[in-house]
Amino acid sequence: MSNKINRLRGMYDVLPSETWIWQRIEEVIQEVFDSYNFQEIRFPLLEETRLFYTAIGEATDVVEREMFSFNSRSGTSLTLRPEGTAGCVRAVIQNGLCNRGLAQKLWYQGPMFRYERPQKGRNRQFTQVGAEIFNIDNAQADAELILMSARLWKKIGLPNIRLEINSLGTTSARIVYRKVLIDYFKKHLTVLDEDAKRRLETNPLRILDSKNPGMQEVIKNAPLLTDFLDDESIRHFSQLKEILDECGINYSVNPKLVRGLDYYSKTVFEWITTDLGAQGTICGGGRYDSLVELQGGKPTPAVGFAMGIDRIVELIKDLKLWSQPNSVDAVLIADKTVNPRFINGLSEKIRNCLPKLNLVVNLNPSSFKAQFKKADKLSAKFAIIVGENEINANIITLKSLTDKEFGQKELHFDGFLKIMSQYK
RNA sequence: GCGGCCGUAGUUCAGUUGGUAGAGCCCAGGAUUGUGAUUCCUGUUGUCGCGGGUUCGAGCCCCGUCGGCCGCCCCA
């Protein structure tokens with residue numbers, strides 16, 4: 001026992017008792033995304049480190065101290081992807097998916113890695129599902145992503161979630177605002193904490209997000225990004241709000257919502273729950289019109305979001321939103337004296353005729369009583385009973401474990417099939 | 001990276017001022033031998049997270065370490 005190896009910190013095993021939740025979420029997502037005609041794209045978990053430097057931004061926390069990076073044998077620095085957009089954009093450029101101005105609606109799914117302190121709703125390996133729209137610059141694209149996610153929450157049955165939106169303006173508008181903001185905070189240096197001072201040079205917009213009570217006054221009086229927005233961004237933002245209103249999506253505008261990755265411009269949004277403690281964001285995204293060009297592609301407007309599947313699974317478990325369906329249709333109960341050859345022969349014959357039937361064959365011969373108990377524990381609908389009597393008379397005894405009226409019937413194989421095929 | 005709480009059977013936990021460990025659930029078997037609830041008997045399980053130290057003696061005290069939870073931070 002002393003030489004047993006445990007899983008790495010912040011990693012987790014998904015056990016059979018909850019894999020069904022993951023599978024069902026994946027089904028629902030696929031269904032909803034299909035209905036909006038998004039297509040799945042798959043790209044590597046491992047990329048060159050400099051991809052994330054350029055895409056996410058060198059001054060962000062993700063890049064500064066949260067990446068799983070190491071050198072390859074040839075000496076190139078590689079990184080396990082901390083998010084999906086950078087790799088997705090790389091794949092789009094490399095495969096020419098957006099050449100000739102073609103619109104692309106893509107989605108992806110898979111594990112991401114960030115070297116953080118584990119907490120409820122925060123792991124070092126976590127699963128994200130993301131969706132991206134390339135080559136559409138209007139607010140309709142932003143809206144469609146929000147509407148699609150809203151539909152997903154509805155299908156999953158998530159309560160207590162709210163939508164926050166904001167506009168960061170075009171990159172040029174933001175550069176102007178950034179300067180104004182730096183000047184403002186420099187006038188109030190004494191009130192700023194260490195974190196804020198550090199960010200003053202790197203990412204001043206994030207200072208607005210601080211929860212430090214001592215800084216709330218300065219933050220409250222800081223110049224608002226909203227006042228620096230260019231006309232185009234304002235028009236874009238109000239169009240988005242119009243569409244959301246029309247479609248009955250509730251939201252609140254949070255002027256301080258800035259998000260941590262450098263590539264966003266114009267629209268940003270977050271879906272937030274109050275049921276997960278400190279890690280309340282289950283989905284976040286926004287527009288990133290200059291990222292494709294920044295990564296060496298043709299100038300291509302784009303917008304996207306990513307959601308944390310782990311957090312959604314956590315919610316479904318905590319709030320008991322779903323209940324596990326019983327999947328076992330029938331259990332084959334055979335007397336100990338019955339030859340295994342016959343048991344497997346029969347079960348295979350049944351499977352040939354009823355391919356969708358979930359049939360459990362007890363591989364561990366025990367008493368009838370024990371086998372019935374087990375069938376009951378599996379919530380099986382039927383017991384298929386085979387003993388000496390049945391074999392001698394060439395019949396099968398079928399007993400309903402849920403319907404008393406059905407009771408138990410002695411049947412020839414054809415009659416048995418006829419009844420069972422009504423259930424599967 | 002910082003702070004607080006915690007780590008005992010498969011699981012949830014109890015373990016009193018330090019005297020080499022218990023309960024419920026679960027699981028297995030049984031209650032006139034081919035039938036599932038409930039009930040009633042019977043039974044199995046632990047290097048008390050790991051490594052040091054103090055002590056005649058440590059699950060309990062001290063140090064370290066690993067891991068978990070919660071908050072900060074960050075984000076999905």
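Lettering follows sequence order; numbering is per chain, from 1.
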Practice task
For the side chain of A:Gln119, starting at C-beta, report the closest nucleotide among B:G34, B:C70, B:G67.
Solution key: B:C70

Handout entry: C1'-based separation of B:G46 from B:U35 [nearest Å]
Key = 37 Å

Handout entry: Nucleotide of B:C69, B:A76, B:C73 approaching A:Gln279 most closely (side-chain heavy atoms)
Key = B:C73

Exercise for the section: Hunt down the Watson-Crick or G-U wobble partner of B:U47, both distances under 3.5 Å, from any strand shown, or write none. Expected result: none

Completion exercise
Taking B:C75, B:G4, B:G67 as options, the one with an atom nearest any side-chain atom of A:Arg117 is B:G4

Exercise for the section: Report yes if a donor N or O on one partner sits less than 3.5 Å from an acceptor N or O on the other, where the partners are the side chain of A:Gln371 and the base of B:U35; otherwise report no. Expected result: no

Exercise for the section: Mind checking A:Asp335 for me? I need base, sugar-phosphate or nothing, with any heavy atom below 4.0 Å counting as a touch. Expected result: nothing

Practice task
With heavy atoms under 4.0 Å as the rule, sort A:Ala278 into base, sugar-phosphate or nothing.
Solution key: base

Handout entry: Pair of N/O donor and acceptor under 3.5 Å linking B:G1 base with A:Glu66 side chain
Key = no

Problem - Interatomic distance, A:Arg9 CZ vs B:G68 C1' [rounded to whole Å] - result: 8 Å

Fill in the blank from the handout: pair_partner(B:C2), Watson-Crick or wobble, both distances < 3.5 Å, evaluates to B:G71

Practice task
Would you mind classifying the nucleic acid contact of A:Arg114 as base, sugar-phosphate or nothing, using non-hydrogen atoms under 4.0 angstrom?
Solution key: base

Problem - Heavy atoms from other residues, nucleotides or ligands near CZ of A:Arg351 exceed 12 (cutoff 6.0 Å) - result: yes

Exercise for the section: Could you work out which one of B:G3, B:A76, B:G34 sits closest to the side chain of A:Asn389? Expected result: B:G34

Handout entry: Between B:A58 and B:G15 - C1' atom distance, rounded Å
Key = 14 Å

Exercise for the section: Please name all residues satisfying salt bridge (Lys or Arg N to Asp or Glu O under 4.0 Å) with A:Arg90, sequence neighbours left out, ordered by chain then number. Expected result: A:Glu47

Handout entry: Salt bridge A:Lys105-A:Glu144, side-chain N to carboxylate O under 4.0 Å
Key = yes

Practice task
Indicate, with a heavy-atom threshold strictly under 4.0 Å, whether A:Ile333 touches base, sugar-phosphate, or nothing.
Solution key: nothing

Handout entry: Distance between P atoms of B:C13 and B:C6 (Å, rounded)
Key = 14 Å

Completion exercise
Checking N1-N3 plus N6-O4 or O6-N4 for Watson-Crick, or N1-O2 and O6-N3 for wobble, each under 3.5 Å, the partner of B:A58 is none

Practice task
Remember a base hit wins even if backbone is also touched, and classify A:Arg311 as base, sugar-phosphate or nothing at under 4.0 Å, heavy atoms.
Solution key: base

Exercise for the section: Could you give the distance separating B:G24 and B:C2 at their P atoms, to the nearest angstrom? Expected result: 44 Å

Practice task
Please confirm whether any donor atom in the side chain of A:Arg122 sits under 3.5 Å from an acceptor in the base of B:C73, or the reverse.
Solution key: yes

Exercise for the section: Using the P atom on both, measure B:C48 against B:C60 and round to a whole Å. Expected result: 10 Å

Problem - Polar side-chain atom of A:Tyr108 near backbone of A:Gln128 as donor-acceptor pair, under 3.5 Å - result: no

Practice task
Could you check A:Glu314 against A:Glu390 and say which one's nearest nucleotide on RNA chain B is further toward the 5' end?
Solution key: A:Glu390

Exercise for the section: In whole angstrom, give me the gap between the P atoms of B:A9 and B:C50. Expected result: 10 Å

Problem - Rounded C1' spacing from B:U32 to B:G22 in Å - result: 37 Å

Fill in the blank from the handout: Which of B:G34, B:G71, B:C75 is nearest the side chain of A:Thr281? It is B:C75

Exercise for the section: For A:Met11 and for A:Thr127, find the nucleotide of RNA chain B with the closest heavy atom, then tell me which residue's nucleotide is more 5'. Expected result: A:Met11

Problem - For B:U20, the Watson-Crick or wobble counterpart (both distances under 3.5 Å) - result: none

Problem - B:G4 versus B:G10 - spacing of their C1' atoms, nearest Å - result: 31 Å

Problem - A:Tyr423 ring center within less than 6.0 Å of A:Phe382 ring center - result: yes

Exercise for the section: Return the minimal non-hydrogen interatomic distance between A:Ile156 and A:Trp322, and the atom names on each side. Expected result: O-NE1, 2.9 Å

Exercise for the section: Under 4.0 Å between any heavy atoms, over every strand shown, what does A:Gly277 touch: base, sugar-phosphate, or nothing? Just pick one. Expected result: sugar-phosphate

Exercise for the section: Look up atom CZ in A:Arg341 and atom CD1 in A:Ile343, then write down how far apart they are to the nearest 0.5 Å. Expected result: 11.5 Å

Handout entry: Donor-acceptor side-chain pairing of A:Thr281 and A:Trp271 below 3.5 angstrom
Key = no

Fill in the blank from the handout: B:U38 -> Watson-Crick or G-U wobble partner, both distances under 3.5 Å, gives none

Protein-nucleotides 24-32 of chain B N/O pairs under 3.5 Å:
residue, atom, partner, partner atom, Å
B:C27, OP1, A:Lys377, NZ, 3.1

Practice task
Indicate yes or no: does A:Arg259 engage A:Glu270 in a salt bridge with an N to O separation below 4.0 Å.
Solution key: yes

Practice task
For this output row, return yes or no: ring centroids of A:Phe126 and A:Phe113 closer than 6.0 angstrom.
Solution key: no

Exercise for the section: For A:Leu401, answer base if it contacts any base atom (sugar-phosphate contacts may also be present), sugar-phosphate if it contacts only those atoms, and nothing otherwise; contact means non-hydrogen atoms under 4.0 Å. Expected result: base

Problem - ring centroid sep under 5.5 Å plus plane angle under 30, A:Phe372 with B:U35 - result: yes

Practice task
Describe the nucleic acid contact of A:Gln408 in one word from base, sugar-phosphate, nothing, applying a heavy-atom distance below 4.0 Å.
Solution key: base

Handout entry: Check: B:C75 base within 3.5 Å donor-acceptor of A:Arg206 side chain
Key = no

Problem - Touch class at under 4.0 angstrom, heavy-atom based, for A:Gly10 against every strand present - result: sugar-phosphate

